[in-house]
Amino acid sequence: MSEDKLNQIKTKYAVVDAKNPDAQQMQIAADFIKDGKLVAFPTETVYGLGGNALDPTASERIYAAKGRPSDNPLIVHIAEFEDLLRVGKNVPREAKLLADAFWPGPLTMIVERNEVVPHETTGGLDTVAVRMPNHQVALELIRKSGCLIAAPSANTSGRPSPTEGKHVKEDLNGKIAMILDGGPVGIGIESTIIDLTEECPMVLRPGYITPAMLSKVIGKEVIIDPGIIAADDTRKPKAPGMKYKHYAPKGNLMLVEGDLESVIAEINRRTAEDKVAGKKTIVIATEETKNRYQADEILSIGEREKEEEIARHLYGILRECDTLGAQAIYSESFATPKMGQAIMNRLLKAAGHEVVQV
Ligand code: AMP
Ligand code: MG
């Protein structure tokens, strides 16, 4: 255990402008990172919990603060493309093409690990995950600290990823040196992860950047890890983090799929039963359907046609279920055209794959 025992740190909380963060606050944050301490910061996807990626002690502190299993590797955040070549080995040509197309942005690439990256950061793997975030606060923190920053999502392990500074505070206050609050994030779900270490590039975690977008840039087929779309758990996902039940609210969440009218009828039938059993019920609905339910609380995730809005609101809504003390939660399904795969991957995991078809 480090000298700053968990729960004994005074966490500094600084609200900063997302586009033009205060130089003094950024310097304080950068000094913490240089010093091996942890700072949570906004990115365009979700908030990250950062520490010096090349310092094994800083990585250990990240696992401890999150309560994260130590076999679940961290993503190394960089601000210059050249740093990919510093932390990675035998980096394939596709990496440059993808970086030119999508960096800074919500894409993480897995390449072979160079020895400068400690095993504490890669969860013991000989590969490393690297991303250049598209957020001024994140980029300035990397540049000002002079460090590469290992950063998983800034939530307690198992809880929904944070999309606002206050979510980070709920989970990590007293456990880390500083929280930089740059307001709500833009995308709201974690980066797409592509594995470039195999013959055929493979998406290990779906996100805003789809397999079709990746495939178009590198001119070859990009497959999706069969382990993450399997309805059962007979195939293990390749990204260690994808095997955990995750993003989950405390109440029992069930997804209901089918044509909309049947979904509404089924959810109303189930919430009525739950109410008789004395349970607090919540329905996750859309602007179009929010007035059609009789649950205790109805949370609208946005308009069904605006999938970016749905992605951005997802984790905040799952957290709200906890705040409201929901016991039985029902959600409509959001298999939207572009981000549907990423949204449904998170929702299915939050629901522990509990789905009813109607
Ligand atoms: P988070 O930063 O919390 O969004 O989690 C990072 C995700 O990236 C987890 O699902 C990890 O398992 C995955 N990951 C990180 N490094 C690797 C790697 N070298 N190989 C496969 N997956 C990785
Ligand atoms: Mg995470």
Side-chain angles (χ1 to χ4, degrees), residues 38 40-51 53 58-59 62-78 84 87-91 95 106-133 135 138 148-163 167-168 171-172 176 185 187-198 201-209 224-225 227-228 236-248 311 314-315 318-319 342 345-346 349-350:
L38 307 186
F41 58 94
T43 78
E44 80 280 35
T45 57
V46 300
Y47 273 73
L49 173 59
S59 288
I62 292 176
Y63 289 102
K66 280 179 63 81
R68 180 170 173 119
S70 60
D71 71 341
N72 188 4
L74 311 176
I75 294 173
V76 177
H77 290 68
I78 63 174
L84 173 65
V87 297
K89 253 194 332 210
N90 304 321
V91 175
L107 179 68
T108 296
M109 299 189 221
I110 311 266
V111 295
E112 285 176 38
R113 176 186 73 104
N114 196 325
E115 287 74 22
V116 293
V117 185
H119 266 137
E120 283 77 2
T121 300
T122 64
L125 297 177
D126 285 320
T127 54
V128 61
V130 188
R131 175 166 111 82
M132 190 190 293
H135 198 292
L148 307 182
I149 297 188
S153 49
N155 52 296
T156 298
S157 199
R159 291 209 74 200
S161 296
T163 52
H167 299 159
V168 181
D171 285 12
L172 298 177
I176 63 175
V185 300
I187 293 180
I189 54 177
E190 302 84 349
S191 58
T192 304
I193 300 179
I194 186 168
D195 182 359
L196 297 176
T197 66
E198 308 266 5
M202 186 159 84
V203 168
L204 305 187
R205 178 172 73 185
Y208 179 84
I209 295 173
I224 183 144
D225 179 1
I228 60 172
K236 287 271 166 286
K238 190 172 175 197
M242 297 298 281
K243 68 175 182 275
Y244 298 106
K245 181 175 175 185
H246 207 168
Y247 320 117
L314 178 63
Y315 287 139
L318 293 179
R319 277 182 182 261
N345 167 259
R346 305 322 192 263
K349 282 177 51 156

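Just so it is clear, the values below take in all heavy atoms, side chains as well, and ignore hydrogens, waters and symmetry mates. Read the numbers this way: they start at 1 and go in the same order the structure lists the ligands and their atoms.
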Quiz item: What protein heavy atom sits nearest atom 9 (C) of ligand 1, and how far away is it?
Solution: Asn72 OD1, 3.5 Å
Quiz item: Between Thr127 and Thr197, is any side-chain donor less than 3.5 angstrom from a side-chain acceptor?
Solution: no
Exercise. Would you mind listing which atoms of ligand 1 come within a distance below 4.0 Å of any non-hydrogen atom of Ser153?
Key: 1 (P), 2 (O), 3 (O)
Quiz prompt | Under-4.0 Å salt bridge between Arg131 and Glu44 | solution = yes
Quiz item: Of the choices Arg113, Arg68, Lys66, His77, which has the non-hydrogen atom that lies closest to atom 6 (C) of ligand 1?
Solution: Arg68
Exercise. Under 4.0 Å, heavy atoms only, figure out whether ligand 1 is touched by the backbone of Ser191, its side chain, both or neither.
Key: neither
Exercise. Check for a donor-acceptor pair, side chain of Thr121 on one end and backbone N or O of Ala53 on the other, with a separation under 3.5 Å.
Key: yes
Quiz item: Where do Arg159 and His167 land on the side chain to side chain donor-acceptor pair (under 3.5 Å) test, with the steps shown first?
Solution: CA-CA 10 Å; Arg159 291 209 74 200; His167 299 159; over 6 Å; no
Exercise. Could you list the atoms of ligand 1 found under 4.0 angstrom from a heavy atom of Ala151?
Key: 2 (O)
Self-check item: For atom 10 (O) of ligand 1, the protein heavy atom that lies nearest, with its residue and separation
Solution: Gly241 CA, 3.3 Å
Quiz item: Lys66 side chain to Ala154 main-chain N or O, any donor-acceptor pair under 3.5 Å?
Solution: no
Exercise. Using atom types as modelled and distance alone, determine if a side-chain donor or acceptor of Tyr63 lies under 3.5 Å from a backbone N or O of Asp71.
Key: no
Quiz item: Between Asp225 and Lys238, is there a salt bridge with N-O shorter than 4.0 Å?
Solution: no
Quiz item: Is a side-chain donor or acceptor of Arg113 paired with a backbone partner of Thr122 at a separation under 3.5 angstrom?
Solution: no
Self-check item: Residue, atom name and distance, where the atom is the protein heavy atom closest to atom 4 (O) of ligand 1
Solution: Arg205 NH1, 2.7 Å
Exercise. Please work out which of Gly48, Ser157, Pro73 has its closest non-hydrogen atom nearest to atom 16 (N) of ligand 1.
Key: Pro73
Quiz item: So, the side chain of Tyr47 versus the backbone of Asn155: is there a donor-acceptor pair under 3.5 Å, distance only?
Solution: no
Quiz item: Do any of the N, O or S atoms of Ser153 sit under 2.8 Å from the Mg ion (ligand 2)?
Solution: yes
Quiz prompt | Closest protein heavy atom to atom 21 (C) of ligand 1, given as residue, atom name and distance to 0.1 Å | solution = Ile110 CD1, 3.6 Å
Quiz item: If you measure from atom 19 (N) of ligand 1 to every heavy atom of Thr43, Ile228, Thr127, which option wins on shortest distance?
Solution: Thr127
Quiz item: Near Ala129, which atoms of ligand 1 are under 4.0 Å from a heavy atom of that residue?
Solution: 15 (C), 16 (N), 17 (C)
Quiz item: Without hydrogens or angle criteria, can the side chains of Thr45 and Ser191 be said to hold a donor-acceptor pair below 3.5 Å?
Solution: no
Quiz item: Pro240 heavy atoms, cut-off 4.0 Å: which ligand 1 atoms fall inside?
Solution: 12 (O), 21 (C), 22 (N)
Quiz item: In terms of residue, atom name and distance, what is the protein heavy atom nearest to atom 2 (O) of ligand 1?
Solution: Pro152 CA, 3.0 Å
Exercise. Taking only heavy atoms of Leu125 into account, list the atoms of ligand 1 that are under 4.0 Å away from them.
Key: 18 (C), 19 (N), 20 (N)
Quiz item: What part of Ile193, side chain, backbone, both or neither, has a heavy atom within less than 4.0 angstrom of ligand 1?
Solution: side chain
Quiz item: Going by the order shown, which atoms of ligand 1 are within less than 4.0 Å of some heavy atom of Ile75?
Solution: 2 (O), 6 (C)
Quiz prompt | Pair Ser153-Glu190, side-chain donor/acceptor within less than 3.5 Å | solution = no
Quiz item: For Ala239, is at least one N or O under 3.5 Å away from an N or O on ligand 1?
Solution: no
